[in-house]
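Here is the structure we will look at.
Computed from heavy atoms alone, side chains included, the values below leave out hydrogens, waters and symmetry copies.
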Amino acid sequence: MTPNKVRKYESLDVVIVGAGAAGIGIGTVLSDLNLSSYTILERDEIGASFQQWPEEMQFITPSFPSNSFGCRDLNAITTDTSPAFALDREHPTGAEYAKYLQGVVEFHDLPVRIGVEVESVEQHNDEFVLHTSAGVIHCRFVVWAAGQFGTPNDNPVPGATHCIHNSHVDSWREYVTECISDTIVIIGGYESGIDAALHLADLGYEVIVLDKEGPWQFREPDPSETLSPYTIQRLYEAIDNSAAITLYDGFCVDHIEQSDGGFEVVGMDGESFETRNRPVLATGFESGLGPADEYFDVTEGTPQLTERDESTATPGLFLVGPQVSHRGQQFCFIYKFRQRFAVVADEIANRLNIDRSPLDEYREKSMFLEELSYCEQDMCDC
């Protein structure tokens with residue numbers, strides 16, 4: 001891991017942008033292929049987006065050291081590691097998971113450069129030119145792994161500036177030190193909204209959760225579409241134990257007003273909720289690919305990719321991470337998008353005429369999902 005060590009000009013085969021779960025995961029596969037001419041650029045720290053989680057937030061997918069029995073830990077990004085084993089945690093916090101990612105980097109001696117921001121991406125003939133805060137890099141392939149969690153959707157309606165986005169909360173215990181009443185309104189009822197509600201209720205506050213759809217009412221086999229079993233279980237247990245959580249579905253926020261008494265969250269139908277505390281926005285993150293955005297065709301917020309996760313608009317530019325989508329299925333959880341690392345690495349290695357046999361291990365260990373027809377929701381309700 002090297003801070004700010006880009007020569008003024010250098011040429012590489014591959015540049016990976018982002019050192020989160022996706023960037024470190026694909027970097028490990030390239031390392032297994034013995035590719036030496038590549039680097040991983042990270043503008044902050046390894047696992048920065050996880051370190052920005054509220055202190056109390058934990059993974060909704062459980063970690064379990066089951067590698068020896070042919071099942072990868074759901075939160076692992078390599079074939080040979082397990083966050084559960086490394087951290088002794090079933091549901092690690094963001095800070096704990098960042099430590100796991102740092103451990104993977106050290107174990108595999110990955111060429112990560114921290115504190116290097118990609119300022120622009122250009123394509124000239126058959127190569128890319130990346131202008132970074134530490135110099136210029138020319139490369140044959142770019143793997144975009146910067147994710148979307150650096151851009152909170154913190155201005156979804158007029159008056160949203162009166163609120164605080166959950167990603168800007170370091171700790172819910174610290175947030176409540178600024179509260180001047182015992183009622184808190186949360187806008188958004190998916191994972192982050194319910195997680196915030198549970199922690200705030202544990203701290204003794206009355207919590208009102210407003211959501212247009214009310215995902216707590218629905219069940220889907222894909223947790224990308226609804227609340228995870230972990231969250232639903234915690235929510236039901238809290239309500240059964242008389243936690244002061246009130247859930248409102250069908251509430252579409254029109255705007256937020258500030259008054260002498262505090263804040264008023266006003267719905268499209270004129271109904272409103274008042275609180276003296278800053279409302280919490282659990283409204284997710286903006287879609288976007290930063291400097292690489294113009295090199296992807298985007299349809300309804302979804303980057304268009306080939307079956308090898310290459311931009312349909314720009315050959316040589318690949319996408320890994322939670323924005324990958326195929327056949328209407330979102331690869332937004334780590335156990336999903338990790339299955340595409342080897343697919344991207346295989347395509348790059350093929351074009352570089354590198355021996356691809358090390359990827360056989362990924363096939364054997366179910367971390368090489370190249371047949372997309374398997375990506376179908378097919379589960380009985382029993």
Side-chain angles (χ1 to χ4, degrees), residues 21-22 53 57-64 66 71-76 90-92 97 147-149 153 156 166-167 186-199 207 209-240 243 245-253 281-287 298-305 307 309 319-340 366-367 369 371-382:
W53 285 9
M57 182 179 283
Q58 297 173 281
F59 268 62
I60 58 176
T61 44
S63 285
F64 205 81
S66 52
C71 299
R72 306 276 76 73
D73 184 316
L74 284 181
N75 298 317
E90 182 174 349
H91 294 274
Y97 194 76
Q148 64 190 99
F149 301 114
N153 182 19
N166 74 290
S167 66
I186 296 175
I187 300 169
Y190 277 86
E191 293 292 345
S192 59
I194 298 301
D195 184 74
L198 290 165
H199 291 299
V207 184
V209 180
L210 309 176
D211 192 273
K212 181 178 179 180
E213 298 175 345
W216 52 82
Q217 304 175 93
F218 308 113
R219 293 183 67 240
E220 294 286 345
D222 184 354
S224 304
E225 306 296 330
T226 187
L227 295 178
S228 67
Y230 177 66
T231 302
I232 283 289
Q233 177 183 334
R234 294 163 63 214
L235 178 61
Y236 286 169
E237 288 175 350
I239 292 174
D240 287 345
I245 300 175
T246 306
L247 306 172
Y248 285 90
D249 65 282
F251 190 94
C252 186
V253 177
L281 291 176
T283 46
F285 295 81
E286 300 279 4
S287 60
V298 179
T299 302
E300 296 181 351
T302 300
Q304 299 303 293
L305 306 172
E307 292 200 352
D309 292 357
L319 181 66
V320 295
Q323 288 174 285
V324 171
S325 177
H326 287 287
R327 299 173 186 255
Q329 303 296 314
Q330 299 176 0
F331 284 69
C332 55
F333 284 100
I334 289 168
Y335 69 86
K336 295 180 182 180
F337 65 69
R338 72 181 182 189
Q339 297 184 85
R340 302 293 293 177
S366 300
M367 285 188 57
L369 180 62
E371 179 48 69
L372 291 170
S373 64
Y374 294 148
C375 300
E376 303 291 343
Q377 294 187 9
D378 185 13
M379 189 178 299
C380 65
D381 185 13
C382 58

So which heavy atom on L74 is nearest to which on P62, and how close?
-> CB-O, 3.6 Å
May I ask you to test the R340-V320 pair for a side-chain heavy-atom distance under 4.5 Å?
-> no
Listed partners of P156 passing side chain to side chain contact (heavy atoms under 4.5 Å, CB included), at least two apart = N153, A160, L281, T283
Would you name the heavy atoms of T302 and S325 that are closest together and state the gap between them?
-> CG2-CB, 3.7 Å
Between CZ of R219 and CD1 of I232, what distance do you get to the nearest 0.5 Å?
-> 9.5 Å
If we only count heavy atoms from C-beta on, is the T61 to I334 side-chain gap below 4.5 Å?
-> no
Can you see which heavy atom on A238 is nearest to which on L198, and at what distance?
-> CB-CD2, 3.6 Å
Euclidean distance, S228 OG relative to E220 CD, rounded to 0.5 Å | 14.0 Å
Mind checking what makes side chain to side chain donor-acceptor pair (under 3.5 Å) contact with E307, not counting sequence neighbours?
-> none
Minimum-distance pair of heavy atoms, taken over all atoms of K336 and F331 = O-CD2, 3.4 Å
Could you tell me the separation between the OH atom of Y335 and the CG atom of D73, rounded to the nearest 0.5 Å?
-> 13.0 Å
Please assess L227 against E191 for the test side-chain contact (heavy atoms from CB on, under 4.5 Å), listing each intermediate value before the final yes or no.
-> CA-CA 6 Å; L227 295 178; E191 293 292 345; 4.0 Å; yes
Starting at CD of Q323, measure out to CG of D309 and round the result to the nearest 0.5 Å.
-> 12.0 Å
Heavy-atom nearest pair, S366 first then Q339, reads O-OE1, 3.7 Å
Taking the side chain from D211 and the backbone from G189, do they hold a donor-acceptor pair closer than 3.5 Å?
-> yes
What is the ring orientation for Y97 with F59, classed by angle as parallel under 30°, tilted 30 to 60°, or perpendicular over 60°?
-> tilted
Approximate separation, where rounding is to 0.5 Å, of T226 OG1 and Y190 OH = 6.5 Å
For the residue pair L247 and I194, establish whether any side-chain heavy-atom pair is separated by less than 4.5 Å.
-> yes
Which atoms form the tightest heavy-atom contact between A282 and N166, and what is the distance?
-> CA-OD1, 3.8 Å
Output for pair (Q58 CD, H199 NE2), nearest 0.5 Å, gives 6.5 Å
